[in-house]
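Worksheet: one structure, shown below.
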Protein chains: 2
Amino acid sequence: MAVSAKTLKTLGRPRGFDMDQALDRAMEVFWRKGYEGASLSDLTEAMGINPPSLYAAFGNKEGLFLKVLDRYQAGPGNYLEQAMSAPTAREAAERLLYGAVEGQCSQAKPGGCLLVHGALPPGLGAIQEELQSRRTAAAQVIRKRFERAKDEGDLPRDVDAGDLARFVFAVVGGMAVQAAGGVKKRELKKVADMAMKAFPT
Amino acid sequence: MAVSAKTLKTLGRPRGFDMDQALDRAMEVFWRKGYEGASLSDLTEAMGINPPSLYAAFGNKEGLFLKVLDRYQAGPGNYLEQAMSAPTAREAAERLLYGAVEGQCSQAKPGGCLLVHGALPPGLGAIQEELQSRRTAAAQVIRKRFERAKDEGDLPRDVDAGDLARFVFAVVGGMAVQAAGGVKKRELKKVADMAMKAFPT
DNA sequence: TTCGTTCTATATCTATTGCTACAGAACTCC
DNA sequence: GGAGTTCTGTAGCAATAGATATAGAACGAA
């Protein structure tokens, strides 16, 4: 949670709504309906503001979505980075998988992962590319953690870090698909259990 | 490929376009842009017909999509059923995973799986529910195959067929997400390799 | 107070969405 | 040849999409 500087010399009329709260509301809408499915009316209504305020603050719908993505990855989606700080590769994978279960099945939030079902199919141009690049970036983070593990000796040298990362990431993505469809947390945990059986010793 | 009866007594003016070909064209559009992203103009242009012909033949956009889904599962997506006819559970899982790699990475077709990224987030109502129910149906098919395998003795009795099916299905879904983003076939095969390491002996 | 700036609210713009009315064309049956 | 039926093409419908013009309200600085 980034603490906004409270007393920043503002010029002109101060903003009448709370930025972070508005972003959270918008996040929920995008999360629940996807980028295309979320209309400006949906967004402005949920955020409690009018279109001109939205455009003044975020530029356009796409700009708002990007801000929402940042906030998502720093908030509900930060189980990735949290997991990477685990002492060993195996523990990192475990924390990632079970963290994904929690993050994708929270009752308070919509199911699934915003980075996955915000917009999957190509053809949305910039939005799709942005999400795709963030997903590959996430996979790279995992790969680098595994490579470090090889250097540190807690992962066999003959393991391909990229392949292993892609596998773990695929399971996370697959769980997101199922979570979006309402699969229960208990069942997803079993998926994570099984995935860990494939983890090299 | 369903062979249409050529000489069926038709009443009135005969249809001026080929149904199956039009469905294939529509499938590609939906596959590439998702349900919402595919506009009527996109569809009619690709199908080479005008809106009234589309509505006369399929009712509406949703009806067209359902017909396309049927054709997808019978065509590019039929690697599921093909895999289930394998003699053992292990072989069925293998054929499913590697079949998914082929089906989702074909160069001739768009990447990914239509059932996954046709429409993921809820909020699209009927469409989302339809896709979700088809996905769970697919998972059930796998589960039943594994249960049969338990009866036939090629899968240990203490294995939960449902959990195993969900795991395999999650990997397939995760691969679809990655394939939609352009991951190469060679890399996805490695994901399938790793998944098989978790398969009970 | 007055100015310059920045935000907000109402009302609306244009383009596109999914969809259809209508008239005519193409077929079978009689 | 009609009569009856079904398809096709043109043109356009109402609704909604994303985005804005405009006027006024709320602030700090002078």
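Here is how names work: the chains are called A, B, and so on, in the same order as the sequence lines, proteins then strands, and each is numbered from 1. Note that the structure is predicted; figures quoted are calculated from it, not measured.
Phosphate proximity of C:dT28 to B:T10: absent, as no side-chain N or O sits under 4.0 Å from OP1 or OP2. OP1 or OP2 of C:dT16 has not a single side-chain nitrogen or oxygen of B:S39 nearer than 4.0 Å. Residue B:S53 places no side-chain N or O under 4.0 Å from the OP1 or OP2 atom of D:dC7. Side-chain nitrogen and oxygen atoms of A:Y55 include at least one within less than 4.0 Å of the OP1 or OP2 phosphate oxygen of D:dA19. For A:N50 and C:dA9, the shortest distance from a side-chain N or O to OP1 or OP2 is below 4.0 Å.
Under 4.0 Å is where a charged nitrogen must lie from a carboxylate oxygen, and between A:D70 and A:R134 at least one such pair does. No salt bridge links A:E28 with A:K109; every basic N to acidic carboxylate O contact stays at or beyond 4.0 Å. In summary, B:D42 and B:K33 engage in a salt bridge, as defined by a charged side-chain N under 4.0 Å from a carboxylate O.
Across all strands shown, B:P51 has heavy atoms under 4.0 Å from base atoms, whether or not it also approaches the sugar-phosphate.
Checking C:dC27, C:dG24, D:dG9 against the side-chain heavy atoms of B:R13 singles out C:dG24 as nearest. Side-chain atoms of A:R15 lie closest to C:dC7 of the nucleotides D:dA17, C:dC7, C:dG18.
Straight-line distance from the CZ atom of A:F17 to the P atom of D:dA26: 17 Å, rounded to whole Å. In this entry the distance linking CG of B:L43 with P of C:dC19 reads 11 Å, nearest Å. If you measure from atom CG of B:L54 to atom C1' of D:dG9, you get 14 Å, rounded to the nearest angstrom. If you take CG of A:D42 and C1' of D:dT16, they are 11 Å apart, rounded to a whole angstrom. At whole-Å resolution of the value, CD1 in A:I49 and C1' in D:dT20 are 15 Å apart. Per the geometry, NZ belonging to A:K33 stands 13 Å off C1' belonging to D:dA17, to the nearest Å. Taking atom OH of B:Y35 as the reference point, atom P of C:dT17 lies 14 Å away to the nearest angstrom. Going from atom CZ of B:F58 over to atom P of D:dC7 covers 11 Å, rounded to whole Å.
Side-chain contact of A:Y98 with A:D193: a donor-acceptor pair under 3.5 Å is present, judged by distance alone.
Along DNA chain C, the nucleotide nearest to B:P52 and the one nearest to A:A56 differ in position, and the one closer to the 5' end is contacted by A:A56. Of the two residues near DNA chain D, A:L40 and B:P14, the one whose nearest nucleotide lies more 5' is B:P14. Annotation: of the two residues near DNA chain C, B:E62 and B:G12, the 5′-most nearest-nucleotide partner is B:E62.
Taking the centre and axis of the six-membered ring of B:Y35, the NZ or CZ atom of B:K61 falls inside the cone set by 45° and 6.0 Å.
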